[in-house]
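The sequence lines fix the lettering, A, B, ..., with proteins before strands; numbering per chain opens at 1.
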2 protein chains.
Amino acid sequence: MMREYGKKLRILLIDDNANHLRGIKELINLESDYNVVGSTTSANLGINLVKRYQPDIVLMDINMPEKDGLQAIQAIQKLELNTRIVVLSGYDDADLIYRAMKLGAKGYVLKTMASSKLIDAIEHVAQGKIFLPAILSTRFFEHFQSVSRQETASKDGEENLLNSLTSRENEVLDLLTQGVNYKSIAQKLIISETTVKTHVNNIFQKLQVNDRTNAVLYALTHGFKPSKTNAKVEATAA
Amino acid sequence: MMREYGKKLRILLIDDNANHLRGIKELINLESDYNVVGSTTSANLGINLVKRYQPDIVLMDINMPEKDGLQAIQAIQKLELNTRIVVLSGYDDADLIYRAMKLGAKGYVLKTMASSKLIDAIEHVAQGKIFLPAILSTRFFEHFQSVSRQETASKDGEENLLNSLTSRENEVLDLLTQGVNYKSIAQKLIISETTVKTHVNNIFQKLQVNDRTNAVLYALTHGFKPSKTNAKVEATAA
DNA sequence: AATTTTATCAACCTAAAGATTTAGATAATT
DNA sequence: AATTATCTAAATCTTTAGGTTGATAAAATT
């Protein structure tokens, strides 16, 4: 999608501070040959400008307190254009970096960084690369790995309960986690409803629960993965 | 936790290829002042050596086909030591990088990279930083953002259904997603069981489902977040 | 060969869940 | 003042869900 030879990179600036906006514009005009196609202090207006001009790069300011910036990133991503977003922020907060990248930002630069970093970021991102300086990368991964740890932590001590299920019980539990009732499970597995109940009761005992909902909740929070034999389930009507 | 002044970094090497192992050992002895406290071609043995020597850094080889390496990372992380893992891999596969980092690796270097990169990586990671070269960082984020897109994609078109719930209905749904039955919900909210049923029926209609399980499944797969008034729920016994 | 595990099913029962209708009391809105 | 939304509740009913007992048969284990 990138720059054809001789064509200038088209950039849109969004920053709620009009002074910053002017400063960045000057910087880009002085230190690069990019074409600033627009600039605005309003996130909402910015989204409309992205639609209209479809720039290569959006330089997006993000402030901690108001999370307009993150919402704007999400809105722009939803347009599914070839526009890439570089965040320019005053905050190196791990969660903020994490969320911006999660929403699809391709670069993240701090306002306190040398102006050459900003040009670097735009250049890298325009070439399809991610630009995240080492310090911010470390911050990002602090958060990312912390989230991952929490996800796997619960699946640890007790997930043996799921391992005690037979393959048939796994098939039944799989259907339970799709909200299928006894009758439909019986039809899908081509066994009688009583047999299904027997399996379900055995599942309950093994998972140490008393009802469907808690069995499903247990399965979902302990990394349940369906077994092999699985015809697709379209409808879930009772 | 890091290196006290004058103390050498203690490093353990794990690589299933004995030749590589020797090569890396020599490299480290030549180009750094680190102390290689052990080296092994066996992932399982490696884990035991980590327990015994508690090195500052583990240099871990990862091969695509066998995923022993990833499991070894997980096993070492589970020890909860101050040992940091640097991956040395022949593959720049996005998913492999993603999973290694997700499991807690602090650095990732390709075998094809200059040997100085490896020393760089160890040095950075020892200082508590993340080391992920630009190319690999881009690969990582390809995968990370792709996963995030999929997660939010389903929550998009229809999540309005959850928005149509009243605050009381949200409280009831919150308890439903914890596997609480009618009687207990009534007790917790200090209302009659009939009232709970009324709320639940309204929830079903708004979420377009016919039973608890599907209501819970809908809530969980559409980013349901409980409202305000929530006394803690300890037991879930029927 | 004997035992245990797994998968199957019937028949019966209780308890819980879900559906429906009607209605009173506030609170918010028009 | 009138309407609508929300929360509450009773009464009644149908339908699932869940529990229990007992039994058959093949497969895997000991």
Side-chain angles (χ1 to χ4, degrees), chain A residues 160-219 226-231 235-238, chain B residues 160-219 226-231 235-238:
Chain A
N160 27 343
L161 294 188
L162 281 175
N163 295 333
S164 67
L165 298 183
T166 68
S167 65
R168 198 52 157 171
E169 286 163 356
N170 265 293
E171 295 180 72
V172 174
L173 179 56
D174 183 32
L175 292 170
L176 283 184
T177 61
Q178 295 176 47
V180 186
N181 62 14
Y182 284 142
K183 196 190 288 181
S184 300
I185 294 177
Q187 286 171 0
K188 281 174 209 300
L189 299 184
I190 322 180
I191 53 180
S192 86
E193 212 172 315
T194 0
T195 306
V196 178
K197 290 189 180 188
T198 308
H199 287 311
V200 170
N201 267 293
N202 291 333
I203 292 171
F204 288 172
Q205 283 179 27
K206 290 183 178 179
L207 300 189
Q208 297 167 20
V209 297
N210 322 294
D211 56 70
R212 234 162 233 272
T213 310
N214 282 292
V216 169
L217 287 173
Y218 186 95
S227 49
K228 57 268 124 185
T229 327
N230 277 322
T236 317
Chain B
N160 27 344
L161 294 188
L162 280 175
N163 295 333
S164 68
L165 298 183
T166 68
S167 65
R168 198 53 157 173
E169 285 163 356
N170 265 293
E171 294 180 74
V172 174
L173 180 56
D174 183 32
L175 292 170
L176 283 183
T177 61
Q178 295 175 47
V180 186
N181 63 15
Y182 283 142
K183 197 190 286 181
S184 300
I185 294 177
Q187 286 170 0
K188 281 174 208 302
L189 299 184
I190 322 179
I191 53 180
S192 87
E193 211 172 317
T194 356
T195 306
V196 178
K197 290 189 180 187
T198 307
H199 287 312
V200 170
N201 268 293
N202 291 333
I203 292 171
F204 288 172
Q205 283 181 27
K206 289 184 179 179
L207 301 190
Q208 297 167 21
V209 297
N210 321 295
D211 56 71
R212 240 162 230 273
T213 311
N214 283 292
V216 169
L217 287 172
Y218 186 95
S227 50
K228 58 270 123 180
T229 327
N230 277 322
T236 316

J.: side-chain hydrogen bond (donor to acceptor under 3.5 Å, both in side chains) with A/Ser192: which residues, sequence neighbours excluded?
T.: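 side-chain hydrogen bond (donor to acceptor under 3.5 Å, both in side chains) list for A/Ser192, sorted by chain: A/Thr194, A/Thr195.
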J.: Regarding A/Thr198 and A/Asn201, do their side chains bring together a donor and an acceptor under 3.5 Å, going by distance alone?
T.: no
J.: Taking the side chain of A/Arg212 as heavy atoms from C-beta outward, which of C/dA7, D/dA17, C/dA17 is closest to it?
T.: D/dA17
J.: To the nearest angstrom, how far is B/Leu165 atom CG from D/dC7 atom P?
T.: 10 Å
J.: When you measure from the side chain of A/Thr177 to the backbone of A/Asp174, do you find a donor-acceptor pair of N or O atoms at a distance under 3.5 Å?
T.: yes
J.: Give the rounded distance in Å between these two atoms: CD of A/Gln187 and P of D/dT16.
T.: 12 Å
J.: Can a side chain N or O of B/Thr166 be found less than 4.0 Å away from OP1 or OP2 on D/dA5?
T.: no
J.: Taking CG from B/Leu173 and P from C/dG18, how many angstroms apart are they, rounded to a whole number?
T.: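 Computing the B/Leu173:CG to C/dG18:P distance gives 13 Å.
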J.: Below 4.0 angstrom from OP1 or OP2 of C/dA15, is there any side-chain N or O of B/Tyr182?
T.: no
J.: Among residues 192-200 of chain B, which contact DNA chain C at a heavy-atom distance under 4.0 Å?
T.: B/Lys197
J.: In whole angstrom, give the distance that lies between atom CG of B/Asn202 and atom P of C/dT20.
T.: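 From B/Asn202 CG to C/dT20 P: 12 Å.
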J.: Distance only, no hydrogens: is a donor on one side chain within 3.5 Å (strictly under) of an acceptor on the other, for A/Ser184 and A/Asn181?
T.: yes
J.: Side-chain N or O of A/Arg168 versus OP1/OP2 of C/dA7: is the shortest distance under 4.0 Å?
T.: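 So the side-chain polar atoms of A/Arg168 never come under 4.0 Å of the phosphate oxygens OP1 or OP2 of C/dA7.
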J.: Output the rounded distance in Å from CD (B/Gln208) to P (C/dA19).
T.: 14 Å
J.: Do the side-chain N or O atoms of A/Thr213 get closer than 4.0 angstrom to the phosphate oxygens (OP1, OP2) of D/dA17?
T.: no
J.: Can you list every salt bridge (Lys or Arg N to Asp or Glu O under 4.0 Å) pair that touches residues 196-206 of chain B, not counting sequence neighbours?
T.: B/Glu169-B/Lys206
J.: Please list, pair by pair, any protein nitrogen or oxygen found under 3.5 Å from a nitrogen or oxygen in nucleotides 27-30 of chain C.
T.:
none

J.: Return one dot-bracket line describing DNA chain C 5' to 3' (Watson-Crick or G-U wobble pairs, both distances under 3.5 Å; ( ) same strand, [ ] crossing, | another strand, . none).
T.: |.||||||||||||||||||||||||||.|
J.: Is B/Asn201 close enough to C/dA19 that one of its side-chain N or O atoms is under 4.0 Å from OP1 or OP2 there?
T.: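 Yes, B/Asn201 has a side-chain N/O under 4.0 Å of OP1/OP2 on C/dA19.
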J.: Starting at NZ of A/Lys183 and ending at C1' of D/dA17, how long is that distance when rounded to a whole Å?
T.: 13 Å
